[in-house]
Participant: 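The structure's right below; bear with me while I get my questions together.
Index from 1, following the sequence. Whatever order the structure lists ligands and atoms in, that order sets their numbers, starting from 1. Note that the coordinates shown come from a computational prediction; the quantities given were computed from them, not determined experimentally. Hydrogens, waters and symmetry mates play no part in the numbers below; they use all other heavy atoms, side chains included.
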Amino acid sequence: MTEISRPDSISPAQKLTLPELQDRVGRGERIVMVTAYDAPSARLADEAGVDIILVGDSAGTTVLGGSSTVPVTLDEMLVFTRAAARGTRRALVVADMPFGSYQVSDDDAVRSAIRFAKEAGADAVKLEGAGRTLSRIGAIRDAGLPVMGHIGLTPQSATLLGGYKAQGRTAAAARRLVEEGRALERAGCFSIVLEAMPAAVAAEITAAVSVPTIGIGAGRECSGQVLVWHDLLGLLPGPPARFVRQYADLGATIRRALEAFAADVRSGAFPEERHTYGMPEAERQRFEDGRVTSRRG
Ligand code: KIV
């Protein structure tokens, strides 16, 4: 297991600022991002020294059990974000804007982003794609909210991309991704997620932009890395994807604990005397004699 180290420059009580994030990358420190969707998980991530908590629309699959991120709604994402923000003190909380909350127009995108800041306490929002997303990013930024970009495999458009597969594997596609990275920086992103692309392409994008890149399935040469909570902690069935390192098997731990609870309930081993409330002996006597009821009646 990797030993956890925190940069000395970070005080656990202070909210990380965007300039600090940028400075840390300048000093060669890597950024740590993890998804979280509720207050206790966000608190644990914050206490562990994670820099950015992403309330990913992956909640649509990991938490809500869907088969893609497309159906998760703005209202659902607001609930997850509010909970995660309540559990966070130092880390930046980035809310993932769900499909449908920013595609139609810049005005729509700004309205949705403002809800994340005002109603849910997000520090920033994340949008997928380049192209038309560029003008949404500019509009949200102009409204005063920092924006994280996301290129490569963008799950909201997985069908268009031919499924959940690595992007940028031809020279032309790789070039396009580098251009998209540059365009996202020009549009005003403070950071860019690079998902599922060859390490060489992610390295080239990281060198081509001055804002931090956060990789997932994009190799080591990014400014930081992100993993999905349930993947990292082993909470999903089946083997993890190629780009995941699983740091714990909490699924098995939780299952064992639940099996032990069920066995104790069925055998009567739980609850014990120390788990129950008593009452003064005299009151118990009166209760058992039925005096309390007869006095009322
Ligand atoms: O929704 C999510 O969890 C994400 C990460 C995979 C970057 O977008």
Participant: Checking contacts here: is it the side chain or the backbone of Lys126 that comes within 4.0 Å of ligand 1, counting heavy atoms only? Could be both or neither.
Facilitator: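 Contact part for Lys126 vs ligand 1: side chain (C-beta onward).
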Participant: So which of Ile216, Asp57, Leu153, Thr62 gets nearest to atom 6 (C) of ligand 1, if we judge by its closest heavy atom?
Facilitator: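 Comparing heavy atoms across Ile216, Asp57, Leu153, Thr62, the nearest one to atom 6 (C) of ligand 1 lies in Ile216.
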Participant: For Thr213 and Ser223, indicate whether the former's side chain and the latter's backbone hold a donor-acceptor pair under 3.5 Å.
Facilitator: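 Yes, the answer is positive, given that a donor and an acceptor are paired below the 3.5 Å cut-off.
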Participant: Looking only at protein heavy atoms, identify the closest one to atom 4 (C) of ligand 1 and say how far it is in Å.
Facilitator: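 Of every protein heavy atom, Leu54 CD2, 3.6 Å lies nearest to atom 4 (C) of ligand 1.
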Participant: Give a yes or no answer on whether the side chain of Glu128 reaches the backbone of Gln156 with a donor-acceptor pair at less than 3.5 Å.
Facilitator: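 Indeed, once roles are kept as given, a pair shorter than 3.5 Å links the two residues.
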Participant: Would you check whether Ser58 has a nitrogen or oxygen atom less than 3.5 angstrom from a nitrogen or oxygen atom of ligand 1?
Facilitator: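 Yes - when backbone and side-chain N and O of Ser58 are compared with those of ligand 1, one distance drops under 3.5 Å.
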Participant: Would the distance check show the side chain of Arg169 and the main-chain N or O of Pro198 forming a donor-acceptor pair, the cut-off being under 3.5 Å?
Facilitator: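 No: the side chain of Arg169 does not pair with the backbone of Pro198.
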Participant: Out of all atoms in ligand 1, which are within 4.0 Å of some heavy atom of Thr35? Include the element for each.
Facilitator: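 The list of qualifying atoms is 3 (O).
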Participant: Report yes if some N/O of Asp96 lies less than 3.5 Å from some N/O of ligand 1; otherwise report no.
Facilitator: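 Yes; the residue has a nitrogen or oxygen that sits under 3.5 Å from a nitrogen or oxygen of the ligand.
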Participant: Show which atoms of ligand 1 fall inside a sub-4.0 Å distance from at least one heavy-atom site of Gly56.
Facilitator: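 Numbered from 1, ligand 1 contributes 1 (O), 2 (C), 3 (O).
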Participant: Side chain, backbone, both or neither: which part of Val228 has a heavy atom under 4.0 Å from ligand 1?
Facilitator: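 Val228 to ligand 1: side-chain contact only, backbone stays beyond 4.0 Å.
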Participant: Output the distance between atom CG (Leu44) and atom OG1 (Thr88), rounded to the nearest 0.5 Å.
Facilitator: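 It comes to 10.5 Å.
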Participant: Report the distance from atom NE2 of His150 to atom CD1 of Ile192, rounding to the nearest 0.5 Å.
Facilitator: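 Reported value, rounded in 0.5 Å steps: 11.5 Å.
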Participant: Short N/O distance, under 3.5 Å, between Tyr37 and ligand 1?
Facilitator: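 By distance alone, the answer is no.
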Participant: Return yes when His150 approaches ligand 1 closer than 4.0 angstrom through a heavy atom, no otherwise.
Facilitator: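 Judged by the 4.0 Å heavy-atom criterion, His150 does count as contacting ligand 1.
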Participant: Quick check: is Tyr102 connected to Phe99 through a chain of hydrophobic side chains (ILVMFWY, heavy atoms under 4.5 Å apart)?
Facilitator: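 No, it is not one cluster - the side chains of Phe99 and Tyr102 are not joined through contacts under 4.5 Å.
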Participant: Indicate the ring-plane relationship of Phe80 and Tyr37, choosing parallel, tilted or perpendicular according to the 30° and 60° boundaries.
Facilitator: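 It falls in the perpendicular class, over 60°.
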